[in-house]
Amino acid sequence: MNYDMDERFDYGDRLPIVPVERDQSYGGVPGLPDEELADPAELERQAMIADWGPILSLPVKSVYGGFRPALDEFGHIEGAFGTVDFERLHGPFDKARYKADKLEEDVRDAVITLGIISARLPAESVNSLQERLRDDSFDIDDLEGADEYGFARFYTRIKRLRSEIRELRQFSWEHRNAE
């Protein structure tokens, strides 16, 4: 049967208006209106957090340090850093405490390195090295193995840094109490 297109779809002067319905590209949940669903940007954000969340939650120390006070054109501190409450709560800048905090970071890094080196050594060797290193007359240059030498070097470095930190904190404490 051959139909002429004009005969089959003869609407006269009127054209049919058919609304175009589009499905949700992300699907839906039965019984939940589409307005309640997360939009594509939110879904993408959640996927990014699921993928990168553990990496983004690692602690990171800023290269620029902590908060820095804003200075006006005369060099005076302005804003919250220049208030009496800030000085009362935090006190003046303490160089000894600042240096002790920086040395604490060095100790943390050295402890991590010491842990890596000690994992390569047998437990008996680590225990005997610690006993020998507690003796002040022991010379670490007598050690032959590279791992043992590295362990001894970082162990003595940690001891020296902790001693410096103790001295700096004691000096800072005495200086604050003297004022």
Spacing of [atom1] belonging to [X] relative to [atom2] belonging to [Y], to within rounding of 0.5 Å:
| X | Y | atom1 | atom2 | answer |
| --- | --- | --- | --- | --- |
| Leu114 | Arg157 | CG | CZ | 11.5 Å |
| Leu133 | Ile158 | CG | CD1 | 11.0 Å |
| Ser172 | Ile165 | OG | CD1 | 13.0 Å |
| Ile117 | Ile112 | CD1 | CD1 | 12.5 Å |
| Thr113 | Arg108 | OG1 | CZ | 11.0 Å |
| Arg120 | Asp147 | CZ | CG | 4.0 Å |

Could you check whether any side-chain heavy atom of [X] comes within less than 4.5 Å of a side-chain heavy atom of [Y], counting everything from C-beta outward?
| X | Y | result |
| --- | --- | --- |
| Asn127 | Glu124 | no |
| Tyr149 | Asp141 | yes |
| Tyr155 | Arg134 | yes |
| Asp101 | Arg169 | yes |
| Leu143 | Arg132 | yes |

(request) Report yes or no: do Val111 and Phe154 belong to one cluster of Ile/Leu/Val/Met/Phe/Trp/Tyr joined by side chain heavy-atom distances under 4.5 Å? (result)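 Yes: a chain of side-chain contacts under 4.5 Å links Val111 to Phe154.
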
Above 12 or not: heavy atoms from other molecules or residues under 6.0 Å from [atom1] of [X]?
| X | atom1 | value |
| --- | --- | --- |
| Lys159 | NZ | yes |
| Phe138 | CZ | yes |
| Glu104 | CD | yes |

(message) Quick check: closest heavy atoms across Arg153 and Ile140, and the distance to 0.1 Å?
(response)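 Result for this residue pair: CA-CD1, 4.3 Å.
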
